[in-house]
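Only one structure is covered here, and it is reproduced in the block below.
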Amino acid sequence: MAYWLVKSEPAVYSWDHLVKEGNTCWSGVRNYAARNNLMNMKKGDALFFYYSNEGLEIVGIAKVIKEYYPDPTTEDKRWVAVDIEPVQKFKKPVTLSMIKGDNQLSEMVLINNSRLSVQPVNRKEWIAVLKLAGEK
DNA sequence: GCCAACGTTGGC
DNA sequence: GCCAACGTTGGC
């Protein structure tokens, strides 16, 4: 199983919105690197749900429930979407400053390529973030 | 609101 | 195929 991080502006699509809907189509990605990451997601892969612009924190974990298919929000065949559902909200969100302050997380894509909206997360980073969140 | 970093577009 | 101009993202 692989790990990922997706970004959302809470004003546009919040964690609570995802929980309310039960699941959602993660569409609208218009960047090749992010698109390639979407295409590499497998059913059951786990994702951190990060708030950009406001919040600046990882609020919880979601998972992939449907692998990539053509993005329904555009006619352009280049772009794809996946379906995700919420798994768990962190009791304590992991803020960007916490991540920046953690030695094990200095290589995170979130730090080094902050504009990428769909990012891979390695196992070491995944565990380190869970630790910061106070989760097991 | 500003601006750095990055991606995309289009002229040559 | 290069690169300048422009647009967007996202942290501060």
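All chains are named by letter (A, B, ...) in the order of the sequence lines, taking the proteins before the strands, and each is independently numbered beginning at 1. Keep in mind that this is a model prediction, so the values were computed, not measured.
Going from atom CG of A/Asn112 over to atom P of B/dA5 covers 13 Å, rounded to whole Å. As rounded to whole Å, 13 Å separates atom P of B/dC6 from atom CD1 of A/Ile111. Between A/Glu54 atom CD and C/dG11 atom C1' there is a gap of 13 Å when expressed in whole angstrom units. Rounding to whole angstrom units, CG of residue A/Asn36 and P of B/dG7 are separated by 12 Å. What separates CZ of A/Arg30 from C1' of C/dT8 is a distance of 14 Å, to the nearest Å. Rounded to whole angstrom, the span from the CG atom of A/Asn53 across to the C1' atom of C/dC12 amounts to 11 Å. Here C/dC12 presents its P atom at 10 Å from CG of A/Leu110, a figure rounded to the nearest Å. Rounding to whole angstrom units, CD1 of residue A/Ile99 and C1' of C/dG10 are separated by 14 Å.
In the set C/dG11, C/dG10, B/dG7, the nucleotide with an atom closest to the side chain of A/Asn31 is B/dG7. Residue A/Tyr32 has its side chain nearest to B/dT8 when only B/dT8, C/dC12, B/dC6 are considered.
With salt bridges taken as basic N to acidic carboxylate O contacts below 4.0 Å, one links A/Lys91 and A/Glu135. A salt bridge between A/Arg35 and A/Asp71 is absent, with no side-chain N of the basic residue lying under 4.0 Å from a carboxylate O of the acidic one.
No engagement by A/Tyr51 is indicated, since no non-hydrogen atom pair under 4.0 Å with the nucleic acid exists.
Between A/Trp15 and A/Phe49, the ring planes are perpendicular. Angles over 60° get that label, and only those under 30° would be called parallel.
An OP1 or OP2 oxygen of C/dG10 is reached within less than 4.0 angstrom by a side-chain nitrogen or oxygen of A/Lys7.
Residue-environment remark: CZ (A/Phe90) exceeds the threshold of 12 foreign heavy atoms within 6.0 Å.
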